[in-house]
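Here's the structure we're looking at; comments come further down.
These numbers were taken from a predicted model, which means no experiment stands behind them. Counting starts at 1 for both ligands and their atoms, following the listed order.
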Amino acid sequence: MGATAISARYDLYGPIAVITVDNPPVNGLGHATRSDVVAGVDRANADPACAAIVIIGAGKMFSGGADIREFGTTGASSEPTLHTVIRIVEASGKPVVAAIGGVCMGGGLELALGCHYRIAESSASIALPEVKLGLLPGAGGTQRLPRAVGVETALNMIVSGASVPARQLGGTALFDAVVDADLLEAALGLARAIVAESRPRKRLRDIAIDYPGAEAYFQFARSTLGGVARNFPAPCKCVDAVAAAVSMPFEDGLRVERQYFLQLMQTPESRALRHAFFAERAAARIPGIPQATAPRRIERVAVIGAGTMGGGIAMNFLNAGLPVVLLEMNAQALEKGVGTIRNNYENSKKKGKLTQAKLAQNMSLLRPTLSYDDLRTADLVIEAVFEDMEIKQKVFAALDDAMKPGAILATNTSTLDVNRIAAATRRPRDVVGLHFFSPANVMKLLEIVRGAATGDDVLVTVMQLAKRIGKTAVVAGVCDGFIGNRMIEHYLRQAMFLLEWGASPVEVDEALEKFGMAMGPFRMSDLAGNDVGWRIRQRRYVEKPNVVYSHIADRLCERGRFGQKTGAGWYRYESGRRDAIADPVVDAMIADYRREIGSTPRTIADSEIVDRCILALVNEAARILDEGIALRASDIDVVYLTGYGFPRFRGGPMFYADMLGLYNVVRRMQEFACDPRGDVAFWQPAPLLAKLAEEGRTFNEQVSSQLAGRALP
Ligand code: NAD
């Protein structure tokens, strides 16, 4: 994992020294790389035969910025820091040209901004994405970029973190040339011309910014950020830093930028966003899988069942250009399923998100069928039939006969035992769970359920495939509900108890939405369909008679209020609209229920609502982690960030608990456990949680150090 010994090469092309930043995979500016760049600049300056310097990236890109593997280590702050490198480059007695290809981001762009000249491939991606980690560019980016491209363009780039193609920035002081030719050749040509014409060493810091009406513009920018600013302090600090570039001498602006950067590093939001960033990368790694494990080829896919999930799943592959065979049990269901897919695409086209050509191409890749014979060429099949073990086992037995050897057999079950499904085949090694979330063509999360017999190569293949279809994959072990749904059940149980004790669905939803959840539990249930939970509870009442459930949701379902699909659930919905409207009928139903169970309603504070629901997630998650169902705490965070609308600025439930302090989490649970009306057994802190709290530890110990294990190729 550590940096290689040499991570920037030095070569002479006649009188031009070329420093090639070479630190795969993204030419990150780690300590060794920074040291090598400085050594190269020093060497070139000491060599009388050298007249100019070109800095270029090895491979396809200039530099992706900081080396994330170095975050949280002493290497990140060891000299030469990026600041120092940029000062040395800028002060070089011989002109320095940055040759920018591929990606030039963050610290990479800040380094380029310190060079005297810049030449870029027209397609190169230029960005300062630090704001996405709750930070701002801390090595001069906020001071030099406005001088290069103008205040407004710079501020837009810094506040959004978005990538801009170099061609769009041509004609500004950012680039001396934007080319489509061979980059190194073009850069050498520019360097020779600079030498031949004795052109000056230009420094962006010397450009004076002339921007009349700056204060009004910055005020406008701040007010545009408005609501976002409450949970995300970084964008406002970006505005302040760029304002400093306009109002202060360069060195003072740099100091202000530094000060803001250090402040933002300490904010809980930035810590959470950085955690989320690492967590998503760590999730792609599976410990214990040999690096040499080769993935299987997946070129053709089959989907069984063209219902809500099957259709959405098929769309993922069609969108990625993979042919899909879609199998149903009768012509009517098949036609309906294909029609829904077509309608979805038509709607995207109407919204301008899809061209007619792409729509036609996607539909031409879809092959509907009623016959298992048509599955023979598929490399992967995903079953999405009714949630019934007997039906699924029959389907898998049929797939075992129909599919070619080496094909992967996947199930989209939400609750059933993947090992029992695998047992219906003669090839359990090839069976895996691929748990998509609804709507399957939209939701980012994919839980990959690893059965007891699932082959390593099968796992590696589906992880890679997830990336190909733009999903964030998290590996889960076999249990009822896997990671996400097993936890959400307890969250929803707490939400129901809150109704019994005095809160209304609106109060509960609003408290959790203020906390940052994309949608409160009742609005979420109305969207997912209250009948789904009802069916699960019916099963639980038999299987787990000791678990306490509120029956309040059953009452709702008995009235046929299944949610949005029936026009009424915890809220009512006007035809064709999705706005949840509070419904007095539901309030009366809840009041009746309270009387029936003898509950005297009390006022419940938002903080209690949040603690009960969120800590219920945490306690179950601790069990999931202890049982090895999740590989690491941060995977649980990724599941909640990408699949359940957990606020990213809080980093996920496990990170949130870590920030509260596990000691405090345990104390709050013990308070809930003492409440005789509540779910006393559930609120006993899970053994892992109790242990970590006692030892003063956290769930997420250094996720960055967990970037080990089998990485995706
Ligand atoms: P659905 O009822 O909308 O669709 C199931 C489809 O399977 C129907 O079109 C049905 O005709 C077809 N089918 C049934 N038996 C079949 C067979 N033997 N051969 C071929 N086709 C058959 O259900 P859904 O919501 O799409 O759920 C499908 C699966 O996905 C279930 O296992 C469910 O638990 C899981 N799942 C659902 C969701 C969700 O939010 N709906 C989310 C994740 C996973």
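Any N or O atom pair closer than 3.5 Å counts here, and Glu387 shares at least one such pair with ligand 1. Some N or O of Lys392 is nearer than 3.5 Å to an N or O of ligand 1, by distance alone.
Contact annotation: for His435 versus ligand 1, heavy atoms closer than 4.0 Å belong to the side chain alone. Contact annotation: for Val395 versus ligand 1, heavy atoms closer than 4.0 Å belong to the side chain alone.
Comparing heavy-atom distances from atom 13 (N) of ligand 1 across Asn330, Asn485, Val385 singles out Val385 as nearest. Across the listed options Thr411, Thr308, Thr340, Leu416, Thr308 owns the non-hydrogen atom lying nearest to atom 3 (O) of ligand 1.
Under a cutoff of 6.0 Å and an axis angle of 45°, Arg650 and Phe655 do not form a cation-pi pair.
Taking CZ of Arg540 as the start and CD of Glu489 as the end, the distance is 4.0 Å to the nearest 0.5 Å.
The shortest separation from a heavy atom of Glu383 to ligand 1 is not under 4.0 Å, leaving the residue out of contact. The closest approach between any non-hydrogen atom of Lys394 and ligand 1 is not below 4.0 Å. Contact analysis puts Phe436 in contact with ligand 1, with a non-hydrogen atom separation below 4.0 angstrom.
Scanning all protein heavy atoms for the shortest distance to atom 2 (O) of ligand 1 gives Phe386 CE2, 3.4 Å. Regarding atom 5 (C) of ligand 1, its nearest protein heavy-atom neighbour is Ala384 O, 3.6 Å.
Within a 4.0 Å radius of atom 23 (O) of ligand 1, the protein contributes no non-hydrogen atoms.
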